[in-house]
Amino acid sequence: MLPIVLVVAFFQLVVLQQPLPAFGNLLVGFLCVWLGLAFFIRGLEQALFPLGESIAFAFARKANIYWLLFFAFALGFGTTIAEPALIAITKVAAEVAAGGGIIENHKEALDSYALGLRLTVAFSVGLAIVIGVLRIIKGWPIQYLIIGGYICVVVMTLFAPPEIIGIAYDSGGVTTSTVTVPLVTALGIGLAESIKGRNPMVDGFGLIAFASLTPMIFVMAYGLVI
Amino acid sequence: MGLLQLLQETVLSTMTDVLPIVIIIFGFQLVILRQRIPNLKSVLIGFIYVLVGLTLFLVGLQEALFPLGKLMAQQLTDPDFIRGTTTTLVDGLRWYDYKWVYLFAAAIGFATTIAEPALIAVAIKAHNLSGGTISVWGLRVAVAIGVAIGITLGTFRIVTGTPLYNYIITGYLVVVIQTLYAPRSVIALAYDSGGVTTSTVTVPMVAALGLGLATTVPGRSALLDGFGLIAFASLLPMITVMSYAQVGAWWLRRYAKRRPVAPS
């Protein structure tokens, strides 16, 4: 937190040469952020981490892989569809598409385009968690899958409409929220710990990586199809 | 906007973040796994902590830093301001006239990433699992440096108007080559760190910067060129985290070599 304050203060006072407005607000805000982080980390250790791991253990013990994959999909889809950052970016994407003449420029067409895009991204994140979980179970090395995904992205970039490329690339980054990340990380690590022969450090991470890769591919595909 | 109203809205938006997760998890626990959640009370209290923590965190940012940060992004990208800092006499601005913008981009990228809660979570996990060889601060700083370089490159791209995919594809190539040489245990973590960097803190600040630049640089469209900063911010951390691990491994080797052999 301190670094942000330093950066803002330096640019405001030295570069722009303007006074710092409302010092009181700054102080209250600083206090809120500091308290908030302390609470969040406490909740992390008490709820999100143990819950993710206990679910992973439970699934590994009861050993029905289909339910586990279904759970993975639901988790990815459910947490993404309501994500505020995603809702914002799909709205802008619809405007870009209308500006480029891909869809008609009236409210109905814009809304349906944005909703379609949102569903596409949510579906792709669900699929990503499924692939990621499958990888942990089977022990596939992550790099081949991710590099394969990159090749997909590069090839699709050649064919996708240029308007959608920037949005597609950005949509990979906005899908994973602050609550989802710890939970999904704990789930992956829990799975890797409970399956014999997996190393949590090598196999447990990687779910988030898939969740940031597949949306790029699917958004470009959406741009190609529509 | 009043503080109370802001608080109310933030609680609501945090709830929509948390609620789907709670429903899915509890649904699966009760219907499919048919088991009670261990330490239910403690978990529920934990969720309340998460809710309260995130709400306070966001309200604090809204109250203190976002408005100021966004205003600064606009002021720094304002052509009048940039003209005042340069001695270039020709009409058009050159890419190097935007030096303060690059510095701001790097500084704000670094600072917001250090404060990112999702990154702290992953760093804690990585630290515990690696048995202490990956330090929480080491990972956070490595990722933050990555985001700083990423956002700077991203602003440079908006100023020069070069196509986004050239940079991203080059970045992919670097990632692929590094993957061949990086210690195997860090690869998945490095890939993950691309996605965790851009959450609550970084996205709003960076979006304001991109939008400000794309609106004021002549020949750029806010809709088309304002995008791409997040993509840079998710790509570069993979490279810096793998570098961090490589440097760490190299350091260990060197240290092991130098250590005097104990006399037998």
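First the proteins, then the strands, lettered A, B, ... as listed; each starts at 1.
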Given heavy-atom pairs under 4.5 angstrom as the criterion, report whether the side chain, backbone, both or neither of [X] touches chain B.
X        : result
A/Ala74  : both
A/Pro50  : neither
A/Leu51  : side chain
A/Leu183 : side chain
A/Ser171 : neither
A/Ile164 : neither

Side chain, backbone, both or neither: which part of [X] has a non-hydrogen atom closer than 4.5 Å to chain A?
X        : answer
B/Leu189 : both
B/Leu229 : backbone
B/Ile48  : neither
B/Ala126 : both
B/Ser185 : both

Would you check if [X] and [Y] make a side-chain contact, meaning some heavy-atom pair closer than 4.5 Å?
X        : Y        : value
B/Leu129 : A/Glu193 : yes
B/Gln29  : A/Ser54  : yes
B/Leu180 : A/Gln143 : no
A/Ile208 : B/Tyr191 : no
A/Val181 : B/Val122 : yes
B/Phe57  : A/Trp34  : no
A/Phe205 : B/Ile187 : no

Sole candidate of B/Leu51, B/Leu54, B/Ile120 that passes side-chain contact (heavy atoms from CB on, under 4.5 Å) when paired with A/Phe40: B/Leu54

Once you round to the nearest 0.5 Å, how far does [atom1] of [X] lie from [atom2] of [Y]?
X        : Y        : atom1 : atom2 : answer
A/Phe39  : B/Thr55  : CZ    : OG1   : 10.5 Å
A/Leu31  : B/Leu56  : CG    : CG    : 9.0 Å
A/Ile147 : B/Thr179 : CD1   : OG1   : 5.0 Å
B/Ile25  : A/Ile55  : CD1   : CD1   : 4.5 Å

Top contributor to chain B contacts, counting heavy-atom pairs under 4.5 Å, from A/Ile142, A/Asp170, A/Thr79: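 Max contact count across the listed options: A/Asp170.
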
For chain B, the option from A/Ile189, A/Asp203, A/Ile165 that forms the most heavy-atom pairs under 4.5 Å: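 Option with the top pair count is A/Ile189.
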
Under 3.5 Å donor-acceptor, B/Asp192 side chain and A/Ala209 backbone: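 Looks like yes, one N/O pair under 3.5 Å.
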
N/O donor-acceptor pair under 3.5 Å between A/Gln46 side chain and B/Ser42 backbone: yes

Leading residue by heavy atom contact count with chain A [cutoff under 4.5 Å; candidates B/Ile108, B/Leu44, B/Leu19, B/Ile168]: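 Of B/Ile108, B/Leu44, B/Leu19, B/Ile168, B/Ile168 has the most heavy-atom pairs under 4.5 Å with chain A.
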
Max heavy-atom pair count under 4.5 Å with chain A, selected residue of B/Val18, B/Val175, B/Leu103: B/Leu103

Parallel, tilted or perpendicular: rings of B/Phe28 and A/Phe70 (30°, 60°): tilted

